[in-house]
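The basis for the numbers below is simple: all heavy atoms, side chains too, and nothing from hydrogens, waters or symmetry mates. Every value quoted in this text rests on a predicted model; they were computed, and no experiment measured them. Whatever order the structure lists them in is the order used to number ligands and atoms, beginning at 1.
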Amino acid sequence: MSFFEVVDPQFSRFVMGNAPVKQLATGFDWVEGPVWFGDLNCLLFSDIPNNRILRWVPGVGISPFREPSNFANGHTRDRQGRLVSCEHGTRRVTRTDYDGTITVIADHYQGKRLNSPNDVIVASDGAIWFSDPHYGIATDYEGYKSEQELPCNVYRVDGQTGEIAAVLTDFYCPNGLAFSPDEKRLYVADTGRMHSDDPQHIRVFDVAENGRLTGGAVFHVISPGCADGMRVDSDGNLWSSARDGVHCIAPDGHLMGKILVPETVSNICFGGRGKHRLFITATTSLYAVSLNRRGAL
Ligand code: MG
């Protein structure tokens with residue numbers, strides 16, 4: 001069987017026919033938020049319903065990293081390499097400092113509690129951008145069922161002042177975010193409220209000085225499934241989660257090909273030596289595949 005589906009012949013150069021999509025670990029409930037630490041030679045990822053962050057080390061396997069994790073979901077690293085995490089249970093975004101101290105980056109907006117921060121990225125100016133859909137407070141499965149106080153927005157926290165601004169306010173449920181390599185574009189997935197007629201697409205925005213956004217056209221409609229988590233490679237191709245695997249989308253919005261994964265994919269990240277390996281969190285399992293590509297960051 002092939003692990004790949006080529007749509008645009010150029011995609012054949014992105015993958016290696018003899019590189020398997022390998023299951024690294026399984027037995028989880030809903031894994032999310034992979035983030036690679038090359039300096040520590042490990043991957044961290046969330047097992048959200050089990051309220052824990054796990055660590056995978058090549059040649060060693062899985063061990064707990066943080067438990068309980070406040071139902072952590074998406075993670076990234078800031079420009080100083082520190083872990084930045086979205087937490088459903090505490091309805092906040094945090095940074096883990098080098099000494100292990102946890103600092104709250106955002107938990108309120110205009111005096112109201114955030115919903116359940118889902119995914120996060122950090123720009124080169126230090127600004128922290130995150131999505132805040134309601135999934136983590138809608139049920140007790142991935143957090144604590146509780147009152148929604150704010151619409152499902154995308155926020156930007158200024159890296160210098162710490163000031164929080166709602167920068168995208170017309171989404172149903174914003175989810176994964178990714179910058180183009182030059183940070184002139186921002187991609188944001190809308191995964192809807194999980195009703196079939198809600199939007200399930202990726203929108204693209206132009207980013208100007210101080211994070212000002214314009215545009216917002218639909219960039220690509222993922223099918224089947226939705227674009228939960230996304231990452232960009234060094235040539236600006238967007239790699240997105242989907243129900244049948246990972247889809248590679250060219251900068252002009254067309255589907256180039258797919259990595260086929262046997263479980264619904266939630267999120268991805270580049271890592272490994274040279275950032276040429278794509279780590280894939282998919283429902284109950286962690287997968288990885290080596291690509292002839294490099295992650296942008
Ligand atoms: Mg997500």
N/O/S of T191 less than 2.8 Å from the Mg ion (ligand 1)? no
Taking N, O or S atoms only and a limit of 2.8 Å, check whether D228 reaches the Mg ion (ligand 1).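 Given the 2.8 Å cut-off, D228 counts as a ligand of the Mg ion (ligand 1).
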Side chain to side chain contact (heavy atoms under 4.5 Å, CB included) involving S223 - partner list, sequence neighbours excluded: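 If we apply the side chain to side chain contact (heavy atoms under 4.5 Å, CB included) test to S223, skipping adjacent residues, there are no hits.
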What are the two closest heavy atoms between F4 and V289, and how far apart are they? CZ-CG2, 3.9 Å
Any residue meeting side chain to side chain donor-acceptor pair (under 3.5 Å) with S12, in chain and number order, not counting sequence neighbours: none
Just to confirm my numbers, could you give the angle made at the Mg ion (ligand 1) by OD1 of N118 and OD1 of N175, rounded to 10°? 80°
What is the name of the N/O/S atom of E32 that is nearest to the Mg ion (ligand 1)? OE2
Going by distance alone, is a donor N or O of one side chain under 3.5 Å from an acceptor N or O of the other, for R91 and S146? yes
